[in-house]
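Okay, structure first, notes after.
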Number of protein chains: 2
Amino acid sequence: MTHQSDHRAYFFKIDTTIKKIRNALQKQLNEAGFDLTVDQWVLTDHIRRQPGVSQNELAELTFKDPPTVTRIVDLLEKKGFVERTAAAGDRRKFNLFLTNKGNELYDKAFPVVAEIRRKGWGDLEETDYQHFVRIMDSIYNNFS
Amino acid sequence: MTHQSDHRAYFFKIDTTIKKIRNALQKQLNEAGFDLTVDQWVLTDHIRRQPGVSQNELAELTFKDPPTVTRIVDLLEKKGFVERTAAAGDRRKFNLFLTNKGNELYDKAFPVVAEIRRKGWGDLEETDYQHFVRIMDSIYNNFS
DNA sequence: TCATAATTATTGGTCTACTAACAATTGACG
DNA sequence: CGTCAATTGTTAGTAGACCAATAATTATGA
């Protein structure tokens, strides 16, 4: 990697790619009539898979900040998809669960999200995925 | 790519990687004492390389929205790094230039940004870069 | 020419990211 | 036990991303 111009490009390329994925997913969610943002979906997905998870755990799992999680959970709660329950044995914590409405939403939205994911990966191969993971992890770890 | 779990991961991995890069770069800019965010740097960089560029051109180059560009340019102008000049022949447009202060900032900040970029790529190879570009472009184009 | 469409930039509103500061609670330790 | 530190979650403020709507200007076409 001797050419400076190539070095400059990798930040830009990752940035534009994630924007494109987000836009495509948001557009699909909107067109399918879901009252849900991409990040709200991400939290919903984690709560579904790990019922009772706390907000701090959610922050670690999603690489979001605790204040960001607070606000997204606020919105999900206001929409009636998620409920905060006092955690047994620690009055600082909440356990998060999907409501019935939240579970219904999840069941309907999941196929839409899965389809977008499949579409984005297209006909890239298993070996591509290995390259992809190795390169992304390498960049990530170079900053850790 | 038969395993669903792998499919789900690529969005997440791109998202966490770009966050990590942004955080590292912002931290370096802060520690070096620059009054500049990452996105403000991105616009500054483009204006330096293409003096007189318009805001809409900047939006296309950076994949940002015109309103976002307006607001970032507002901040750069307020800080005295950028000036808007009425475009000759089209009173709707501005031509953007770096001020002397902006050029001085650029000269000082560039090495810091370049170092972070180099650090992030680490000892990944030229062939890795080719894989990287091919895979990112493929995902991008699958949504276009 | 003149009405209409397109372009350029802006403003307003919502959502997410990040920092800093804070309250409430819990844990650690003398 | 009682003080101090750490943890959990929240609020406030700034910045950026996106959508929708708008004003001003320019381009188009009957």
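Just so it is clear, the values below take in all heavy atoms, side chains as well, and ignore hydrogens, waters and symmetry mates.
Picking from C:dT16, C:dC18, C:dA9 the nucleotide with the shortest atom distance to the side chain of B:N56 gives C:dA9. Across C:dT16, C:dA20, D:dG9, the shortest atom-to-atom separation from the side chain of A:D39 is found for C:dT16. The listed nucleotides are D:dT11, D:dT10, D:dC19; the one nearest the side chain of A:R71 is D:dT11. Comparing C:dA9, C:dT19, C:dC15 against the side chain of A:L75 picks out C:dC15 as the nearest. With distances taken from any side-chain atom of A:F94 to the nucleotides C:dT10, D:dA17, D:dG9, the minimum falls on D:dG9. Considering only side-chain atoms of B:I72, the nucleotide from D:dG16, C:dT16, C:dA9 that sits closest is D:dG16.
The existence of a salt bridge linking A:D45 and A:R49 is confirmed by a sub-4.0 Å separation between a basic side-chain nitrogen and an acidic carboxylate oxygen. Remark: A:R71 does not engage A:D65 in a salt bridge, criterion side-chain N to carboxylate O under 4.0 Å. Using a 4.0 Å cut-off between a side-chain N of Lys or Arg and a carboxylate O of Asp or Glu, A:E115 and A:R118 qualify as a salt bridge.
Ranked by how close their nearest DNA chain C nucleotide is to the 5' end, A:T68 and B:D90 are led by B:D90. The residue among A:P66 and A:D15 whose nearest nucleotide of DNA chain D lies closer to the 5′ end is A:P66. Where A:V38 and B:S54 meet DNA chain C, the nucleotide closest to each residue was compared, and B:S54 sits on the side nearer the 5' end.
No hydrogens or angles were tested; on distance alone, nothing pairs the side chain of A:R91 with the base of D:dG9 as donor and acceptor under 3.5 Å. Within 3.5 Å, no donor on the side chain of A:R92 pairs with an acceptor on the base of D:dT8, nor the reverse. Residue side chain A:R22 does not reach the base of D:dG16 through any donor-acceptor N/O pair under 3.5 Å, judged by distance alone.
At C:dT16, none of the side-chain N or O atoms of A:K64 fall inside 4.0 Å of OP1 or OP2 (strictly under the cut-off). For B:Q40 and D:dG16, the shortest distance from a side-chain N or O to OP1 or OP2 is below 4.0 Å. Between B:T70 and C:dT10, a side-chain N or O to OP1/OP2 separation shorter than 4.0 Å is present. Dashed line: the shortest gap from a side-chain N or O of B:K19 to OP1 or OP2 of C:dA17 is under 4.0 Å. Put simply, A:Q26 has no side-chain N or O that comes within less than 4.0 Å of OP1 or OP2 on D:dC19.
Note that the CG atom of A:L76 and the CG atom of A:L98 stand 8.5 Å from one another [nearest 0.5 Å].
If you measure from atom CG of B:L96 to atom C1' of C:dT8, you get 12 Å, rounded to the nearest angstrom. Look at CH2 on B:W41: it is 19 Å from P on D:dA15, rounded to the nearest Å. With rounding to whole Å, A:D65 atom CG is found 17 Å from D:dA15 atom P. Counting to the nearest Å, the P atom of D:dA17 and the CD1 atom of A:I18 are 14 Å from each other. Rounded to whole angstrom, the span from the CZ atom of A:F63 across to the P atom of C:dC18 amounts to 11 Å. In this structure, the CG atom of B:L29 is 13 Å from the P atom of C:dT19, given to the nearest Å. Atom-to-atom, CD of B:E57 to P of C:dT7 comes out at 14 Å; the value is rounded to the nearest Å. Across the protein-nucleic acid pair, A:Q55 atom CD and D:dT7 atom P stand 17 Å apart, rounded to whole Å.
Under a hydrophobic-cluster definition in which Ile, Leu, Val, Met, Phe, Trp and Tyr are linked whenever side-chain heavy atoms come within less than 4.5 Å, directly or via other members, A:V113 and A:F34 are assigned to the same cluster.
Using a 30° and 60° split on the angle between ring planes, A:Y10 and B:W121 fall in the tilted class, from 30° to 60°.
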